[in-house]
Amino acid sequence: MNVEERTRSNKKKIKKKRSWFKVFVISFLVVLVGGGATFAYVAYKTFQTANDANVDLARGDKSEKREAAIDLTKDHFSVLLVGTDERPGDTSSRADTMIVATFNKDDQTVDMVSIPRDSLVEIPSVGYEDKINHSYAFGGIDSTIETVETLLDIPIDYYASINFNGVVAIVDALGGIDVDVKLPIDTLDSSDKRNGVKLEPGQQTLNGEEALAYARMRYQDPEGDIGRTKRQQQIVEAIIDQSTSFGSITKLNTLMDATGDNFRTNMSLTEAFQLQPFIKKIGSINRIDLKGTDTKINGVYYYQLDQTSLADAKKTLKEQLNLPIDETTDSITSEAADDSFTPSN
């Protein structure tokens, strides 16, 4: 093989490698918005580093809501994406972002729902109602998964979690991302430094700290948690655009290295490979909103989920996973729309 042939062969290998990576990035970043955005990056990195990011759950390889462990070559499945505020040295942290995505292998569709971090829900690991983001502090990813399963009445088959450092590192590794900032930002940075990030509205390139602050900020947004969710989706879409337009394999390697110890998942290498045929065929993505209202109980702010909206979301997710729907229970849940939780203090 001459030099020219070797060059063509190497370019072909790199193109194939990048093409496979692009499929993984696009499919997971688009359908797993928010904290799940970096799953695609780290999944690829995991293939290179002997599964260092794999951390199993205490429950084992299946949800208690499953009769048997799922087979990704044929079964519908769900993934919980979690973005945490965990920092080096922390002994306790919270889930800042939670997104559930359900995948239907027959229809080749994805449904996803974002759960506002301040949603008032039952947390089984402690036995009382509290903000759902506290579930992570009470018992890590196992407690959060148990809480989400209780809230939505569906099995959570897989999870992917990333902390703030990972988000900052990924955006910086990309050389920044272009975002149309929708409102003025004057907020904390990832180290909680006051006025650490200031942004004015308009199209601009954000670095890692700025992108994270823009995605996290709530109190200055008139839409509260709902506005925050929209901004998170903006950030993810910007990451998609930037990550799929790499000009060099060196930058790709930098991106993969950026995740470091900031990412965890219980999906094995074998399972990730099994998903590739399905990922290429994904047809439509349905985003589900959990409606609710801002409320204060004993002086503490909560997001009170609308029970009718919650019941509708549960029904949709169950249909997507081809699970039996208890019409009686769903009806009762819907009729409880005016009920409210009283959190334990």
Side-chain angles (χ1 to χ4, degrees), residues 25 29 32-42 45 53 81-90 92-99 114 116-118 133 136 160-225 227-246 250-264:
V25 169
L29 290 188
L32 307 181
V33 177
T38 51
F39 176 78
Y41 303 131
V42 185
K45 178 180 174 62
L81 295 313
V82 179
T84 74
D85 62 2
E86 187 175 12
R87 299 178 178 86
D90 282 353
S92 179
S93 57
R94 293 171 295 184
D96 196 66
T97 302
M98 280 163 286
I99 297 164
S114 295
R117 51 167 282 167
D118 291 327
N133 70 325
Y136 195 86
S161 68
I162 188 165
N163 61 35
F164 290 165
N165 289 339
V167 175
V168 173
I170 286 205
V171 174
D172 285 341
L174 288 169
I177 55 175
D178 294 330
V179 176
D180 183 9
V181 175
K182 299 298 184 182
L183 71 170
I185 301 292
D186 185 352
T187 188
L188 308 175
D189 61 15
S190 63
S191 300
D192 289 338
K193 178 183 177 182
R194 286 187 177 277
N195 309 120
V197 176
K198 294 183 178 182
L199 299 171
E200 293 298 326
Q203 187 74 31
Q204 54 201 284
T205 300
L206 305 184
N207 62 29
E209 285 285 354
E210 291 168 339
L212 178 63
Y214 183 67
R216 289 183 62 199
M217 191 276 291
R218 291 180 301 146
Y219 300 115
Q220 299 171 36
D221 194 324
E223 291 188 279
D225 266 341
R228 184 171 177 270
T229 298
K230 293 177 181 178
R231 283 181 277 109
Q232 288 174 350
Q233 292 174 352
Q234 270 190 279
I235 294 299
V236 173
E237 289 169 2
I239 290 175
I240 295 171
D241 291 340
Q242 186 70 5
S243 64
T244 56
S245 60
F246 280 144
T250 301
K251 198 169 185 180
L252 174 58
N253 289 333
T254 301
L255 173 61
M256 292 188 293
D257 290 338
T259 56
D261 297 327
N262 301 313
F263 177 85
R264 292 291 182 269

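Predicted model, so just to flag it, every value in this text is computed and none were measured.
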Visitor: What is the distance from atom NZ of Lys198 to atom OG1 of Thr187, rounded to the nearest 0.5 Å?
Guide: 11.5 Å
Visitor: Let me confirm one number: the CD-CG distance from Glu209 to Asp172, rounded to the nearest 0.5 Å.
Guide: 7.5 Å
Visitor: Tell me, do Met217 and Leu183 make a side-chain contact under 4.5 Å, heavy atoms counted?
Guide: yes
Visitor: Search all heavy atoms of Val179 against all heavy atoms of Ala238 and return the closest pair with its distance.
Guide: CG2-CB, 3.9 Å
Visitor: Roughly how far, to the nearest 0.5 Å, is CG of Asn163 from CG of Leu212?
Guide: 10.0 Å
Visitor: Can you give me the closest heavy-atom contact between Tyr214 and Lys182, atom names plus distance?
Guide: OH-N, 3.0 Å
Visitor: Quick check: closest heavy atoms across Arg228 and Asp221, and the distance to 0.1 Å?
Guide: N-OD2, 4.0 Å
Visitor: At what distance, to the nearest 0.5 angstrom, does CZ of Arg231 lie from CD of Glu223?
Guide: 9.0 Å
Visitor: Which residues pass the side-chain contact (heavy atoms from CB on, under 4.5 Å) test with Asp118, not counting sequence neighbours?
Guide: Lys131, Asn133, Arg218, Asp225, Tyr301, Tyr303
Visitor: Ala211: which residues meet the side-chain contact (heavy atoms from CB on, under 4.5 Å) condition with it, sequence neighbours left out?
Guide: Val171, Ile177, Leu206, Ile235
Visitor: Testing the basics here: between Ser114 and Ile99, what is the closest heavy-atom pair and its distance to 0.1 Å?
Guide: OG-CG1, 3.6 Å
Visitor: With Asn207, which residues qualify under side chain to side chain donor-acceptor pair (under 3.5 Å), at least two apart?
Guide: none
Visitor: Looking at Val181, Asp178, Asp180, which one forms a side chain to side chain contact (heavy atoms under 4.5 Å, CB included) with Gln204?
Guide: Val181
